[in-house]
There are 2 protein chains.
Amino acid sequence: MLNQQTPTLPRDCGACPIRHRAVCAQCEAEELEQLDRIKYYRNFEAGQTIVWSGDQMDFVGSVVTGIATLTQTMEDGRTQMVGLLLPSDFVGRPGRSVAAYDVVATSDMVMCCFRKKPFEQLLSVTPAVAQRLLQMTLDELDAAREWMLVLGRKTAREKIASLLSIIGRRNATLNLGAPAGKMVFDLPLTREAMADYLGLTLETVSRQISALRRDGVIVLEGKRRVTVPDFDRLLDEAGDDSDGGLPV
Amino acid sequence: MLNQQTPTLPRDCGACPIRHRAVCAQCEAEELEQLDRIKYYRNFEAGQTIVWSGDQMDFVGSVVTGIATLTQTMEDGRTQMVGLLLPSDFVGRPGRSVAAYDVVATSDMVMCCFRKKPFEQLLSVTPAVAQRLLQMTLDELDAAREWMLVLGRKTAREKIASLLSIIGRRNATLNLGAPAGKMVFDLPLTREAMADYLGLTLETVSRQISALRRDGVIVLEGKRRVTVPDFDRLLDEAGDDSDGGLPV
DNA sequence: GCCCATCCTTGACGCAGATCAAACTTCCGG
DNA sequence: CCGGAAGTTTGATCTGCGTCAAGGATGGGC
């Protein structure tokens with residue numbers, strides 16, 4: 001991950017890669033300016049913990065580039081990932097001063113942070129931001145509920161297939177259009193992180209990935225690069241309706 | 001469940017039992033009046049399905065009395081409960097016309113419904129409603145994430161203890177003050193519904209409840225009435241921090 | 001080049017919880 | 001009062017995944 005670039009921060013919202021998907025998506029010029037006034041960028045390195053559960057948290061923000069995870073840990077060390085944060089996803093909760101989860105950077109990251117107090121102030125007077133935040137929160141709630149089905153009722157193989165199809169689908173919508181036919185992407189997570197997401201052990205994750213490879217559902221190139229020859233086949237393995245995902 | 005009462009509907013918001021906890025909690029008189037104009041009450045019987053996943057849904061609303069469940073079902077019949085709706089909880093999603101989950105009345109229920117279109121209209125011009133809805137959605141998201149830890153990482157015994165402690169805590173905050181010491185409540189769910197919530201089979205639920213009873217963690221009176229002699233002990237069995245729940 | 005850390009894979013074995021099966025309790029309708 | 005349905009309990013057995021253990025790949029630092 002030796003990244004030479006001194007990340008040139010997009011000081012200008014107009015050029016921001018997440019301008020039209022983040023919490024600021026629906027803002028007009030003047031609202032954007034208000035946000036601009038309370039924003040600042042922060043970089044995080046892969047592996048770095050951004051916030052510890054229980055810590056004071058004086059900012060909220062958006063993932064600009066990179067990937068982070070939201071995890072809960074029990075006293076005896078068992079951990080469960082409860083969210084995967086991708087570019088444009090929102091971090092933190094207005095109205096709460098203490099973090100409820102650990103937030104960890106999985107890759108090098110750039111975050112666009114807002115000081116919490118002014119952001120909350122802005123929320124109460126700027127409907128565009130509040131409405132967008134509501135939309136995004138409802139989407140996250142749907143994702144969490146979809147994940148409850150995965151955790152509660154799916155087999156290990158179905159869990160892996162579900163994770164792959166979610167990552168694949170998101171990649172597809174980001175790059176091209178509809179997910180279909182062949183598809184290639186990189187796994188942004190280690191086997192252990194996948195296990196934490198899926199409520200499995202890393203050994204089981206490894207075994208099931210091997211099994212899916214043996215059965216031709218996926219093709220691996222190294223440990224991380226995945227090719228899905230037939231996306232419908234993968235959805236089938238995930239136990240999902242082949243029409244895929246939630247109705248909108 | 002032979003309920004004689006013809007439920008006298010609280011036409012008046014001022015006398016509504018959920019006035020200060022539902023989506024209307026932060027409304028002033030005039031906003032309340034706007035809501036009042038688009039609201040209507042509906043009754044449901046225990047066991048009745050309120051909405052089918054995939055159905056058109058032309059209303060949103062609040063649970064006034066009674067209990068409902070939100071469930072997802074896979075093609076082969078495996079089902080997972082993804083939400084438990086108690087009085088004041090919100091049903092439906094603004095901006096979506098098709099239901100994503102089955103909503104089933106677990107007891108006799110009264111719902112305060114709003115026609116969807118006018119409600120969405122109102123959302124965009126009434127910050128008090130939009131803000132309250134955001135708060136409630138964030139709370140639900142936290143609950144869903146707490147439940148992901150339960151589903152993904154807890155043992156059957158811990159799952160049962162977690163469910164009991166959640167129901168107990170909610171009962172306590174509804175009736176008295178802080179949950180502590182002795183506590184009595186009724187289980188609002190069948191063993192099967194508990195199994196669907198916990199990602200278990202109903203046999204395992206039954207066995208673990210018996211085990212908790214044998215070990216003195218709970219006392220049963222009939223199948224449904226539960227006494228918890230020592231709430232901290234129950235929290236301990238649930239694997240939760242004894243200070244209990246999310247920081248606020 | 002070699003070493004070491006991190007990540008991953010694979011095997012052997014055991015157990016928590018699923019599955020299959022049967023019987024009990026409660027309660028409502030006739 | 002009896003019969004049957006719905007819900008619950010308990011037992012016997014099976015199995016998917018966890019646990020423990022060993023070894024293989026990869027890549028960065030020296």
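Values in this document were obtained by computation on a predicted structure and should not be read as measured data. Numbers restart at 1 for each chain; the letters A, B, ... are given by sequence-line order, proteins then strands. Below, each value reflects all heavy atoms present in this structure, side chains not excepted, and no hydrogens, waters or symmetry copies.
With distances taken from any side-chain atom of A:Lys223 to the nucleotides C:dG17, C:dT9, D:dT8, the minimum falls on C:dT9. In the set D:dA12, D:dG18, D:dT8, the nucleotide with an atom closest to the side chain of A:Thr201 is D:dG18. When the nucleotides D:dG18, C:dG17, D:dT10 are ranked by their closest atom to the side chain of A:Thr204, D:dG18 comes out on top.
Contacts of B:Ser206 with the nucleic acid, taken as non-hydrogen atoms under 4.0 Å apart, include base atoms. Using a 4.0 Å heavy-atom cutoff across all strands shown, B:Leu200 reaches sugar-phosphate atoms only and no base atom. Using a 4.0 Å heavy-atom distance criterion, B:Arg157 is classed as making no nucleic acid contact. Within the nucleic acid shown, A:Gly47 has no heavy atom closer than 4.0 Å to any nucleic acid atom.
Between the CZ atom of A:Arg224 and the C1' atom of C:dC8 there is a distance of 10 Å, rounded to whole Å. Going from atom CE of A:Met194 over to atom C1' of C:dC7 covers 11 Å, rounded to whole Å. Rounded to an integer number of Å, the gap from CD of A:Glu203 to P of C:dC7 is 14 Å. Rounding to whole angstrom units, CD of residue A:Gln80 and P of D:dG18 are separated by 12 Å. As a whole-Å value, the separation of A:Glu192 CD from D:dT19 C1' is 15 Å. Distance, A:Gln208 CD to C:dG11 P: 14 Å, rounded to whole Å. Between the CZ atom of B:Arg214 and the C1' atom of D:dT10 there is a distance of 10 Å, rounded to whole Å. C:dA18 atom C1' lies 11 Å from atom CZ of A:Arg153, rounded to whole Å.
Salt bridge status for A:Arg207 with A:Glu203: absent, with no side-chain N to carboxylate O gap under 4.0 Å.
Side-chain contact between B:Leu164 and B:Leu234 is present, with heavy atoms from C-beta onward closer than 4.5 Å. Using a 4.5 Å heavy-atom threshold, the side chains of B:Asp89 and B:Leu86 count as touching. B:Thr79 is not listed as a side-chain neighbour of B:Glu192, based on a closest heavy-atom distance of 4.5 Å or more.
B:Glu140 CD to B:Phe90 CZ: the interatomic distance, rounded to the nearest 0.5 Å, is 9.5 Å.
A donor-acceptor contact under 3.5 angstrom links the side-chain atoms of B:Arg207 to the base of C:dT19.
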